[in-house]
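Let me begin by presenting the structure, written as structure tokens, before commenting on it.
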2 protein chains.
Amino acid sequence: MPNQARPGTGEQAKQLALGQLRQAILRGDMAPAQRLVENELAEQFGVTRASIRAALIDLEAQGLVERIRNRGSRVRVVTVEEAVAITECRLVLEGLCAAKAAAAVDDGQVARLQDLGTAMRKAVAAGEPLTYSDLNHELHTRIREFSGQRTAVELLERLNAQLVRHRFQLALRPGRPQQSLNEHLAMIEAIGARDPQAAEEAVRAHLTSVIEALRD
Amino acid sequence: MPNQARPGTGEQAKQLALGQLRQAILRGDMAPAQRLVENELAEQFGVTRASIRAALIDLEAQGLVERIRNRGSRVRVVTVEEAVAITECRLVLEGLCAAKAAAAVDDGQVARLQDLGTAMRKAVAAGEPLTYSDLNHELHTRIREFSGQRTAVELLERLNAQLVRHRFQLALRPGRPQQSLNEHLAMIEAIGARDPQAAEEAVRAHLTSVIEALRD
DNA sequence: CCGGACGAAATTGTCAACAATTTTGTTGGC
DNA sequence: GCCAACAAAATTGTTGACAATTTCGTCCGG
């Protein structure tokens, strides 16, 4: 009963466990395919097994862990093939978002995207792949946000969470940022021009290139 | 996805509760926005609250129920706007599946689709909108299946589950089957011709028409 | 030496009681 | 008569113990 993590305040146990576990997986603290024993996790996070269990069910639905009846949970390993299939889904969904965004953005939002574009240029010129990767992620997030497509955004966040490991791998590949940069700038330009079809095409071209890069 | 709807056999309590509750919601037995009290459900299905609770968490992740902290669960109501947004996601994802299917089907699968096409023709001619609706659903399912895109299929099943109510409403609209039929036949033809781009275009045209029909 | 049956350990699934929270109905003051 | 504080009821969140299932090591027979 000594609840180490503030018993009364704010977050409830399940949400807390969910957040911590999710972060741990996304951060890579948990090795791929690592077994997730409910008792261990419960002790580690200072919550009870029921909370961990609820969190695991949630994470299974998000595709981050795999659960087998009476056999336990493990962090899901995303093969390259799966990563490609996931990115194909991203391709069409982000294409949709880009088209909708191009039709809906206001001037301030366009300026925001262009700022991101110059920042990305700088990051590539300075040879900082990690900064570039972050900006990359933020650009995609902003476009989704500006599209106002709540359903699509939800699906995409689910999909993206499954790709963290692959994203890292991709970002550190030499020469990759240069190619990626041009594609991103094209996306920004198309949206800035309020051209839905061009925006969708640009996103598709970009993610097609990502798929090719993934296949090595 | 571990849920094919067999609520009879030696399933475990949570899976049983999940199946029954899911069916009840999809079947429309639960009124929209109806409150789902854990105790009542537990008694109704003859399982304990813990199982119901686990099932509810699952259903929340599937987008079928809404849960608010300390306030309980309710069957989620999908507004027309949301239905449109969901169908827009279906549009791009099913387009992807159709393109992949067109590139991957074998002769037997094509024959299967064409059989469905003639059955649909017959159902429309006979004025049986319910039969037609079922065939419609099966056609979409088969195309997804033949595409081999596991990730996309998973997303689409999630999305479709949220639309049951609207699908019913749409199927019974006079004149709708006729228009829908032609679009479906075009999809079948494009896939039979192994033309990915035409298949994607046909699916997009069909679902665009569905979106327009939804907006009344 | 190998294969299958048996049993113990580990792990998840289920249960009923308890605590915390929100909602609702009521009472008192203005 | 209306609003706020308060108390009671309903409902969800949490806890620890118990049951069912699977896994793994061991032993026996061939």
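- Between B:S51 and C:dC15 there is a side-chain N or O to OP1 or OP2 distance below 4.0 Å.
- With hydrogens and angles disregarded, a donor-acceptor distance shorter than 3.5 Å links the side chain of A:T208 to the backbone of A:R204.
- Among the nucleotides C:dT12, D:dT14, D:dT15, the one closest to the side chain of A:K14 is D:dT14.
- Following rounding to the nearest Å, A:R67 (CZ) and D:dT21 (C1') show an atom-to-atom distance of 14 Å.
- Between the P atom of D:dT11 and the CD atom of B:Q34 lies a distance of 13 Å, rounded to the nearest Å.
- Computed from coordinates, the A:N70 CG to D:dA19 C1' distance equals 11 Å when rounded to whole Å.
- In B:Q34, the CD atom is crowded: over 12 heavy atoms of neighbouring residues, nucleotides or ligands sit closer than 6.0 Å.
- Rounded to whole Å, atom P of D:dG13 lies 16 Å from atom CD1 of A:I52.
- Atom CZ in A:R49 sits about 16 Å away from atom C1' in D:dG13, given to the nearest Å.
- Annotation for B:Q44: atom CD counts as buried by contact number, over 12 foreign heavy atoms lying within 6.0 Å.
- Separating the CG atom of B:D58 from the C1' atom of C:dG13 is a distance of 14 Å, rounded to the nearest angstrom.
- Distance CG (B:L16) to P (C:dC15): 11 Å, rounded to an integer number of Å.
- Other residues, nucleotides and ligands contribute more than 12 heavy atoms inside 6.0 Å of the CZ atom of B:R194.
- With contacts defined as side-chain heavy-atom distances shorter than 4.5 Å, the pair B:L156/B:H140 does not qualify.
- A close approach under 4.0 Å does occur between a side-chain nitrogen or oxygen of B:R71 and OP1 or OP2 of C:dT23.
- Considering only side-chain atoms of B:R35, the nucleotide from D:dT15, C:dT11, D:dT11 that sits closest is D:dT11.
- Distances shown here put every side-chain N or O of B:R53 at or beyond 4.0 Å from the OP1 or OP2 atom of D:dT12.
- Rounded to a whole Å, the CD1 atom of B:I68 is 11 Å from the P atom of D:dG13.
- As judged by a 4.0 angstrom heavy-atom cut-off over every strand, A:L36 is placed among residues touching the sugar-phosphate backbone only.
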